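Report on the following structure.
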Amino acid sequence: MANPASYRPKTGEIPTNPGVYRFRDPHGRVIYVGKAKSLRSRLNSYFANPAGLLPKTYAMVHAASSVEWTVVGSELESLQLEYTWIKEFKPRFNVVFRDDKTYPYLAVTMSEKYPRVQVMRGDKRKGTRYFGPYTAGAIRETMDTLLRVFPVRSCSAGVFKRAEASGRPCLLGYIDKCSAPCVGRISPEDHRALAEDFCAFMGGEAKRFITKLEKQMADAVGKLDYEHAARLRDDITALRKVFERNAVVLAEDTDADVFALHEDELEAAVQVFHVRGGRIRGQRGWVVEKVEDFSTPDLVEHLLQQVYGEDGDTHGRLPREVLVPVAPSNAEDLAQWLGGIRGAKVDIRVPQRGDKAALMSTVRENAEHALKLHKTRRAGDITVRSQALQELQEALDLPVPLLRIECFDVSHVQGTNVVASMVVVEDGLPKKSDYRKFSITGPAAADDTAAMHDVLTRRFRHYLQDKSAQVDESVLASDGQEAAPGAAVLDTTTPAPKAKFAYPPNLVVVDGGQPQVNAAARALRDLGIDDVYVVGLAKRLEEVWLPDSDFPVILPRTSQGLYLLQRIRDEAHRFAITFHRQKRGKAMTVSALDAVPGLGASKRKALLAHFGSVKGVKAATVEELAQAKGIGPALATAIVNHFASDGPEAVTVPAINMTTGEIIET
């Protein structure tokens, strides 16, 4: 018997969306399927206090060894999917479902002389139209609501015969929820037509009936028959309520596989919903590493080849439609190949609007969550982290364990707004409190190698300064002799300020290849630091470069150590890009008026409103400036003097060649 705590998912990993969940035993068999409005609340209830569960539920959570879930777009979809999987997997803990029966359907017995509307369970019967499935409460409410608009017979055969013999209808006939064919109030033909309308409404033609009733209500209002108009208004409200509640996933004749994916630079998560007869019959998912530099269309093409190939599992026959997020590469040939497998035409489509696009959005949401869950579990597992650090240490032949790793990345646009980032990982986990941002100006912004040398120099110069300050303080604190008059005395009652760079990393990772690695190693040598190791991760082929090495270290694609380096590199890139965008955004909003002393934001706005542009402000005289709101003679004189000095002899910012990124000497 398994301990539920051994496979309990973390609370943050479980979405709050509606969905369906499955418990599996150690052999992979599904032993329980359930649905929930909030997956997080429902699943947490199983693990919060297992001892307080009902006996059956207690046995289920201890017989299981894993739990998985699928996010859906609505509660109706979760009901459909739960019922489908219960029928497919027949989980032993779902055998007794409340009343030991299957889900109820709304059925119309069209094979009878007077069709009857009723709730039916179990095997389907010939000549009967079925709609659903529903929950027990919802189906009763739906049936009761529709009978006021479509008063079809709903009584049993015994009740019908007794009413027919007595000549008096049952209670439903008196309250207008039955047309009372038992006493001849309606002919068999008209009653069958009423039942056909009932089936047409449940089959998806609700708008036709709603529009018809709206016209009748307008006519009643025109005739001043407000009582009849009010009854029609209530009927319209009832139909709209049922129509919204009973929206199906897709049309009943729809057979399709709906694919969606969510990807980053390293991995992609794929989800597929198998829709048969308009209902979700199954779901599969994969998380794949992007070994090659595939575009999204290439990825979709390879995915379809894998799923529908001779060795693939297509979860039943190949459907008429394959819905994908983007058109695959070589789509026509791929469709022809799939048609050969199916023996009939297969359409590969990208849904743009409607129900199919909405379902695609739901599948995409599942793919996004699957990738997040995969990365969270991979990064958060202490065993995997330890394995990654050990693999990296052995692959790089380092003599020390990698307790702290720092990664640096440079970001710019053609040499402008050059910035760099430093991210920190300790014990395989990011330490965001130690992240740092660097602005790079002057000659260091000339190219990536100069920028990398400058950043490493600044970072480790801070480390040496902090280290020196700590040594001086410790010497002073350990000196037991009385301090000389006027000498500095350490206040041991006040804690020392936290050093920003006092703790050095064991490994420095730079984003780039051999030039960037050599620049970083040269910066450490210039500072006399020889106990920090440097590597670079080149993005194109994911090679690991060492200083002064002509050949890279190639780590296996499945290596946890390589994944750790990639994750650190991507985090440094994200952090650098964010800072670069902030700096570039600020630079784009800088005005020539910002440097005028004494000119605040409100007065700058007043000048621009008065003169229309900075050019107009520059051309204005002292008298003209003084006419603007809030501008006095002294400030007007300061503005004129400021722009008068801004001539050829003024100090200017070095210009940058936007093509080469070089600083143009002036």
Side-chain angles (χ1 to χ4, degrees), residues 264-268 288-294 375 378-379 381 383-411 420-431 435 447-453 455-456 459-460 504-525 529-577:
D264 58 17
E265 296 177 349
L266 304 176
E267 294 175 303
V288 294
E289 291 188 357
K290 300 169 70 174
V291 179
E292 301 179 46
D293 188 16
F294 282 149
K375 288 185 173 293
R378 196 170 182 181
D381 190 338
T383 303
V384 175
R385 296 202 315 269
S386 301
Q387 179 185 352
L389 293 172
Q390 184 176 357
E391 286 183 5
L392 196 56
Q393 181 183 351
E394 293 175 355
L396 301 178
D397 195 21
L398 301 179
V400 295
L402 302 178
L403 302 179
R404 179 182 171 107
I405 303 175
E406 295 179 359
C407 184
F408 296 82
D409 183 32
V410 176
S411 179
S421 66
M422 180 187 91
V423 301
V424 180
V425 170
E426 290 189 358
D427 296 327
L429 292 175
K431 188 178 182 182
Y435 284 15
D447 54 46
D448 284 354
T449 56
M452 190 63 71
H453 183 278
V455 170
L456 268 293
R459 184 266 178 267
F460 285 97
N506 305 109
L507 178 67
V508 167
V509 180
V510 297
D511 182 15
Q514 193 176 24
Q516 287 81 7
V517 173
N518 290 337
R522 186 171 66 254
L524 295 179
R525 284 197 301 268
I529 298 174
D530 56 3
D531 57 349
V532 176
Y533 300 91
V534 181
V535 298
L537 184 60
K539 197 168 190 177
R540 182 173 176 270
L541 298 176
E542 304 294 352
E543 315 107 328
V544 179
W545 287 91
L546 300 176
D548 303 323
S549 176
D550 295 330
F551 300 97
V553 177
I554 304 298
L555 297 178
R557 293 292 304 187
T558 58
S559 167
Q560 295 293 337
L562 177 60
Y563 175 76
L564 177 62
L565 286 181
Q566 292 169 335
R567 184 162 57 88
I568 298 172
R569 188 267 316 277
D570 291 345
E571 176 69 357
H573 184 65
R574 179 199 65 80
F575 197 50
I577 283 289

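Since we're looking at a predicted model, the values are computed, not measured.
Across Ala519 and His453, no two heavy atoms sit closer than the pair O-CD2, 3.6 Å. Closest non-hydrogen pair, Leu456 versus Ala520, comes out as CG-CB, 4.0 Å. Of all heavy-atom pairs between Met452 and Val410, the closest is CE-CG2, 3.9 Å.
Put simply, the side chain of Leu392 reaches to within 4.5 Å of the side chain of Leu555, judged on heavy atoms. Met422 is not listed as a side-chain neighbour of Val455, based on a closest heavy-atom distance of 4.5 Å or more. Taking 4.5 Å as the limit, every side-chain heavy atom of Asp409 sits out of range of all side-chain heavy atoms of Arg569. By the 4.5 Å heavy-atom criterion applied to side chains, Arg574 and Ile577 are not counted as neighbours.
For Phe575, the ring pair (Phe, Tyr, Trp, His ring centres under 6.0 Å) criterion is met by Tyr435, not counting sequence neighbours. Remark: Glu426 pairs with Arg404, Val424, Lys431, Asp434, Tyr503 by the side-chain contact (heavy atoms from CB on, under 4.5 Å) rule, at least two apart or across chains.
Each of Leu398, Asn506, Leu507 was evaluated against Gln393; a single residue qualifies, Leu398, per the side-chain contact (heavy atoms from CB on, under 4.5 Å) test.
Remark: Phe408 CZ to Ile568 CD1 distance equals 12.0 Å, nearest 0.5 Å. Taking CZ of Arg567 as the start and CD of Gln560 as the end, the distance is 9.5 Å to the nearest 0.5 Å. To the nearest 0.5 angstrom, Glu391 atom CD is 12.0 Å from Leu402 atom CG.
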Show which side-chain atoms of residues 508-517 pair as donor or acceptor with protein atoms under 3.5 Å away, not counting sequence neighbours.
{"residue": "Gln514", "atom": "NE2", "partner": "Ser549", "partner atom": "O", "Å": "2.5"}
{"residue": "Gln516", "atom": "OE1", "partner": "Gly513", "partner atom": "N", "Å": "3.1"}

